[in-house]
Amino acid sequence: MPRLVMKFGGTSVATVERIRNVARHVKREVEAGYDVAVVVSAMAGKTNELVGWVKDASALYDSKEYDVVVASGEQVTSGLLALALQEMGLKARSWQGWQIPIMTSEAHGSARIAAIDGTGILKGFTDNKEVAVVSGFQGVHQPTGRITTLGRGGSDTSAVALAAAVQAERCDIYTDVDGVYTTDPRIVPKARRLDRVSYEEMLEMASLGAKVLQVRSVELAMMHRVPTYVRSSFDDPADPKLGTLICDEEDIMEQQVVTGIAYSRDEAQITLRDIADKPGIAASIFVPLADANINVDMIIQVVSDNAATTDLTFTVPTADYERACALLNERRNEIAFKELQGATDVVKVSAIGVGMRSHAGVAARAFKALADKGINIRAITTSEIKFSVLIESAYTELAVRTLHSLYGLDQA
Ligand code: ADP
Ligand code: ASP
Ligand code: MG
């Protein structure tokens with residue numbers, strides 16, 4: 001029998017009634033002849049609530065206990081969906097990450113999947129024709145026996161990893177939009193749904209802020225060549241649409257120069273004024289940040305005209321901003337900067353497209369269009385298939401819409 005992995009996100013399982021609707025989608029695929037493993041998220045808002053409780057209980061919380069608490073949201077949904085399937089006359093059972101097991105690293109709160117033992121789930125298929133309902137987001141670090149979680153949005157990754165492990169024909173990610181759009185349809189109503197998007201572009205879109213898929217899930221889909229669809233759980237279960245296929249670049253006929261626009265508010269800017277312009281200065285700043293596990297993204301260093309001092313600007317994730325400032329201030333004498341200026345009211349807007357490899361001047365057009373709207377660019381980065389600009393967050397929507405129109409992505 002061909003196998004299928006179906007994943008349902010938080011909004012799709014927000015109530016028992018919606019879980020019943022999910023069960024109808026599953027039933028359709030079972031009747032079509034698939035052995036099905038369903039991966040579920042926690043009910044909408046549940047994970048945020050659980051995270052809030054953890055922080056309330058302990059400000060500097062133990063990440064092992066954080067995982068114990070936040071993994072519970074998915075446990076509830078898996079049990080409820082198994083019950084809803086049974087009510088429809090299907091055989092079904094729930095599986096927690098540790099029961100399968102989904103083995104992960106020990107990085108509590110952002111663990112990586114190391115291996116999945118699909119034996120039990122496959123036995124359930126062959127012996128009992130039983131649907132496997134798997135709690136997403138969670139796994140186990142076997143040497144310590146402790147529950148782990150895969151980072152926010154991690155159920156996408158559970159689903160793709162499981163699809164690879166059981167050699168599923170495809171992985172269907174059901175969510176609250178009917179596919180991947182040229183940009184977030186919630187902020188640009190003219191965004192267009194894409195029929196297909198390449199693994200490479202989806203990876204960039206996800207990394208640059210399009211939260212429709214967790215980055216790691218796209219990496220796994222690309223690595224294991226899992227055909228992955230993003231589709232809507234709100235479709236009529238009797239008349240479903242396929243959504244967007246994430247696939248090889250070669251399988252896409254029509255390529256635009258720019259495929260999508262993404263934005264991320266998860267950026268904070270730090271500028272160090274009047275630092276000494278001499279060898280080793282960048283290392284004295286970025287090595288301690290790296291040692292503290294703070295990811296630096298955009299970096300701009302100005303070439304000084306007096307060869308004595310210069311300015312350095314870079315960005316860090318918003319969550320690490322305070323920590324980064326404290327760490328740099330502690331080393332103020334060693335780095336020898338005059339002033340640290342920071343800003344958290346910034347956003348990174350990016351354009352992504354494999355067509356950029358073969359077209360010159362794509363970013364230059366954006367700089368002009370943003371200038372025409374009076375939007376000041378604070379930092380720029382470019383790579384083979386994307387470029388990003390850092391701007392004031394008040395201009396997020398205007399900038400995203402401007403670039404979306406500029407590259408011909410607006411719906412007619
Ligand atoms: P789920 O709970 O199903 O995992 P998410 O909220 O994680 O759903 O992801 C779906 C959301 O991603 C959509 O509601 C949409 O607002 C947002 N999104 C951001 N960028 C895009 C994009 N390019 N295409 C589609 N959705 C996007
Ligand atoms: N429930 C988890 C979260 O909200 C995982 C997921 O939904 O993918 O981040
Ligand atoms: Mg998600």
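Just follow the structure's listing: the first ligand is 1, and inside any ligand the first atom is 1.
Thr149 and Gln138 share no donor-acceptor pair across their side chains, judged by distance under 3.5 Å alone. In summary, the side chains of Asn48 and Arg152 do present a donor paired with an acceptor at a separation below 3.5 Å, with no hydrogens or angles considered. No hydrogens or angles considered: a donor-acceptor pair under 3.5 Å links the side chains of Tyr34 and Glu169. Using modelled atom types, one finds a donor on one side chain and an acceptor on the other under 3.5 Å when comparing Thr148 with Thr104.
Salt-bridge formation is not detected for the pair Asp235/Lys241: no Lys NZ or Arg NE/NH1/NH2 atom is positioned less than 4.0 Å from an Asp or Glu carboxylate oxygen. Under 4.0 Å is where a charged nitrogen must lie from a carboxylate oxygen, and between Lys348 and Asp297 at least one such pair does. Ion pair Glu204/Lys386 not flagged as a salt bridge, since none of the NZ, NE, NH1 or NH2 atoms sits closer than 4.0 Å to an Asp/Glu carboxylate oxygen.
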Please evaluate residues Gln269 and Phe314 with respect to the criterion side chain to side chain contact (heavy atoms under 4.5 Å, CB included), reporting the C-alpha separation (whole Å), side-chain torsions for both, the decisive distance (0.1 Å), and the verdict. CA-CA 6 Å; Gln269 178 194 328; Phe314 55 92; over 6 Å; no

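Around ligand 1 you find Lys7, Gly9, Gly10, Thr175, Asp176, Val177, Gly179, Val180, Tyr181, Thr183, Asp184, Pro185, Arg186, Met205, Ala210, Lys211, Val212, each with a heavy-atom distance below 4.0 Å. At a heavy-atom cutoff of 4.0 Å, ligand 2 is surrounded by Ser41, Ala42, Thr47, Glu74, Phe137, Arg152, Gly153, Gly154, Ser155.
Ring planes of Tyr174 and Phe8: parallel class, angle under 30° (limits at 30 and 60°).
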